[in-house]
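Atoms within a ligand are numbered from 1 in the order they appear, just like the ligands themselves. Everything numeric here is computed off the predicted structure, so don't read it as measured data.
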Amino acid sequence: MSEDIRDELLNERKNGYDRVSKEDVIAAEEFCAGYKDFLDRAKTEREAAGAAEAILEAAGFVRYERGMTPAPGARVYAVNRDKAVIAAVIGREGLETGANITAAHIDSPRIDLKPVPLYEDSDMAFFKTHYYGGIKKYQWVTIPLELHGVMVRADGTRADVSVGGEEDDPVFVITDLLPHLAREQVQKPAGTVFTGENLNVVVGGAPYDDDGKDRFRLAVMSLLHESYGVTEKDFLTSELCFVPAGKARDVGFDRSFIGAYGQDDRVCAYPTLKALTDLDGIPERTAVCILADKEEIGSEGVSGMQSEWYDTFLADLCAGAGTEYRVFCENSVCLSADVGAAYDPNFPEAYDKRNSPFVNGGVQVMKYTGAGGKSSASDAGAETVARLRGVFDRDGVLWQSGELGKVDYGGGGTVAKYLAKRNIETVDIGVPVLSMHAPFELTAKLDVLMMYRAAESFFTL
Ligand code: MN
Ligand code: MN
């Protein structure tokens, strides 16, 4: 009797493994095989957009053209400048009653090249870089890096660059000082050990075979010219970045974790996209999946969530259906799908344990994010969170609530506030991550599956 009253009245945290079936554990393993493959193919937003497009095409989605009037059941998508994706399955109710929208992002912290990157010093060739997003700089030195991106030549043709991903590819690296000579360096606060201007990447050390000047720089350019038909000026019109080398890996004897670069936020992007493409038949309400760019630098720019590109697509859809876009927004609801900070027992000082998500506890529903008194948070309405709670509990989706660490310890935001600004009810949800923004982030397989199930469930809201 006293156990029943505890169950009824108290909110107790339980580990996911104690709440799911053996079949769920197997399902998580299977789902994560596809997720790891996606991670390996999608190390930049462009690659993620391309991989997402392939998944959409395979699932029968067609590129939306302005003027189309998609009927219930129609599957359409659009790609924003190769960097962001929006896809929709039109519901039986049409667009008048709004849509259930998921919004994840496909950009991740990384090391971008400067416009004039190449220089030589002391018989070595380097690239100057300008990091992208919030990184702890010391984590990015002495690890193998891959180079990804595009270079656009003067005639407008494009070279797609990808070096370091194949087994026999070379990789690149930022050096660090040997401990023997680091007595002074190790006294510095971690945030100042490496400055942005220190993050210079070694790209060569064999001189061009002549006795002229700039032989190391010339040697690198000669190899790039040979492989990609580019010159040093083409760096001025390029988007190149270094990302951690290597594939997604299982972590732990039990393989219950996934370790990989860029899980923030592909761990929400892939499951939400899969939930959309796996929709059976014609859903009641229209389902929309957004994979946005530029979240890590404030959702800025023409491909970020603040861009009207997203509105243009949705408003065009509405126009085709004779629905006013503002009415569509008013009746829509959005899951802002982005990672949360999993409780890390190695750093208990940074978390309020009672209000932190645990790995293998399921997806984290965040009523609000933000920093310093919820600044910049969207702060979902209790009624909206309750609607989610209803469908998640109905469908057996493991979920937990949580904040991003202790109050006033820092904080962070998501795209939520930009969706909410469009008069769309928005709730933050995501997979708890350990070592967020590090070159090798950790997630739990059960939580990844639950992100998929949460999106599935949400599309029935
Ligand atoms: Mn994120
Ligand atoms: Mn992030």
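Counting heavy-atom neighbours within 6.0 Å of Arg41 CZ, excluding the residue itself, gives a total above 12.
Checking side-chain atoms of Asn423 against main-chain N and O of Ala420 turns up no donor-acceptor pair under 3.5 Å. Without hydrogens or angle criteria, Ser376 side chain to Gly370 main chain gives no donor-acceptor distance under 3.5 Å. Remark: side-chain polar atoms of Ser307 are paired, donor with acceptor, to backbone N or O of Trp309 under 3.5 angstrom.
Ring geometry for Trp140 versus Tyr261: interplanar angle over 60°, hence perpendicular rather than tilted (30 to 60°).
Around the Mn ion (ligand 2), the protein atoms of type N, O or S found under 2.8 Å away are Asp264 OD2, Glu296 OE1, Glu296 OE2, His437 NE2, listed by chain and number.
With respect to Lys83, the salt bridge (charged side-chain N to carboxylate O under 4.0 Å, His left out) criterion is satisfied by exactly one of Glu45, Glu239, Glu53: Glu239.
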